[in-house]
Number of protein chains: 2
Amino acid sequence: MEPEVAIWREYLKKRGMRKTPEREAIVKEVLSFGEHFDVDSLWLRLKKKSGVSKASIYRTIPLLIDVGLITEVYLENGHMHYEYVYGREHHCHLRCTNCKKTIEFSDDRLTAIEHELGAKHGFVTNGLKVEILGLCPKCNRLK
Amino acid sequence: MEPEVAIWREYLKKRGMRKTPEREAIVKEVLSFGEHFDVDSLWLRLKKKSGVSKASIYRTIPLLIDVGLITEVYLENGHMHYEYVYGREHHCHLRCTNCKKTIEFSDDRLTAIEHELGAKHGFVTNGLKVEILGLCPKCNRLK
DNA sequence: ATCATTGCAAAAGCTTTGCATAAGA
DNA sequence: TCTTATGCAAAGCTTTTGCAATGAT
């Protein structure tokens, strides 16, 4: 079993929460998604198989964030997106403001900056999100 | 007159858009705000004076973003916030996930990373947003 | 006189919630 | 058995939009 699933089940058990087929299906789907997702795309995938309701997805997502498996991603789309983050240090995006194409990257200098700034202001830091906006080669050519 | 106001009027004129009392009031209020704001807080401030409707605020904000006076800020509050950015190079936040206290900072290394990554992927970059999340000294003590 | 802009209220879209039913532990 | 979790539908919020009236140029 993936360690993520074990962590998840442990999280539930510790709080007297139940291991239900719906929660299992959601976690499994999130793990297999391997990219950004939103509630609707997750629901569409799940519908084909197990028929989990959107309400359950909305109720499960805060738990997945709390346990550290996913994080919120703010795209310029009017609704929330999420990404799988367990075991990844930070989550940076280079995004085209025109076609929304997104390239993920990471850079050790960012981790250094995170820790430096945290120390300077007395924060215990817990993650770094970076978005670089611009036009991708294709959209730049067209404008 | 502030250069921002001149830029704004120029922007409108160029597109055959009109200089209305409502738009003037909105820009003036945004310039005087000097901090993060959202539609509701802007509307409350404006209501006392000129009575601009929320619809007009919602219709004006994309223009202010387009002209480069403000940018969207994603807080974990379920609705959009904005900040004044004209003449500022980039906009980085160190934010407490508990009490939402936010410290702004900037770091030249980030600009370097922006340009490097843009060049690497052929993007024409146009801005960088950084959020470092964590617990501020006060909230960290309480937990 | 035109035609962009406004305000209002309705609509839209995402997310949350109340409640009766189902089902883990 | 005792609660927690689910699904559905309704409610809640923010944001967008249609339309008649207003007003800038």
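In this text the structure is predicted, and so the values were computed from the model without any measurement. Order of the sequence lines fixes the chain letters, A, B, ..., with proteins taken first and strands second; residue numbering starts at 1 for each chain.
Side-chain atoms of B:Val30 and B:Leu64, non-hydrogen and from C-beta on, do get closer than 4.5 Å to each other. Contact check for B:Val39 versus B:Tyr82: side-chain heavy atoms found under the 4.5 Å cut-off. The shortest distance between side-chain heavy atoms of B:Lys19 and B:Trp8 does not fall below 4.5 Å.
Using a 4.0 Å cut-off between charged nitrogen and carboxylate oxygen, A:Glu131 and B:Lys129 do not count as a salt-bridge pair.
When each of B:Ser50 and B:Gly16 is assigned the nucleotide of DNA chain C with its nearest heavy atom, B:Gly16 is the one assigned upstream, toward the 5' end. Positionally, the nearest nucleotide of DNA chain D for A:Gly51 lies more toward the 5' end than for the other of B:Tyr82 and A:Gly51.
Among B:Lys49, B:Arg9, B:Arg18, the one residue that satisfies the salt bridge (charged side-chain N to carboxylate O under 4.0 Å, His left out) test with B:Glu24 is B:Arg9.
Using a 3.5 Å distance cut-off with no hydrogens or angles, the side chains of B:Thr125 and B:Glu114 do pair a donor with an acceptor. A:Glu83 and A:His36 form a side-chain donor-acceptor contact under 3.5 Å, judged by distance and modelled atom types alone. With 3.5 Å as the limit, one finds a donor-acceptor pair spanning the side chains of B:Ser41 and B:Asp38.
For DNA chain D, the residues of residues 17-27 of chain B within the heavy-atom distance limit of 4.0 Å (strictly under) are B:Arg18, B:Lys19, B:Pro21, sorted by number. Within residues 52-64 of chain B, the residues approaching DNA chain D are B:Ala55, B:Tyr58, B:Arg59, by heavy-atom distance under 4.0 Å.
A:Leu133 and B:Ile113 are assigned to two separate hydrophobic clusters, defined by single-linkage of ILVMFWY side chains at heavy-atom distances under 4.5 Å.
The nucleotide range of DNA chain D contacted by chain A, defined by atoms under 4.0 angstrom from heavy atoms of the protein and reported 5' to 3', is D:dT3 to D:dC8.
B:Phe123 and A:Cys136 get closest at one heavy-atom pair: CZ-CB, 3.5 Å. Among all heavy-atom pairs drawn from A:Tyr84 and A:Ile70, the shortest one is CA-CG2, 4.2 Å.
Applying the ring-ring contact (aromatic ring centres under 6.0 Å, His included) rule to B:His121 yields no partners; only residues at least two apart in sequence or on another chain are considered.
A rotation axis mapping the C1' atoms of four pairs onto the next four is fitted at both ends of the helix from C:dA1-D:dT25 to C:dA25-D:dT1 over five pairs, and the angle between these axes is 30° to 10 degrees.
Grouped by direct or indirect side-chain proximity (heavy atoms under 4.5 Å, Ile/Leu/Val/Met/Phe/Trp/Tyr only), A:Leu75 sits with A:Val73.
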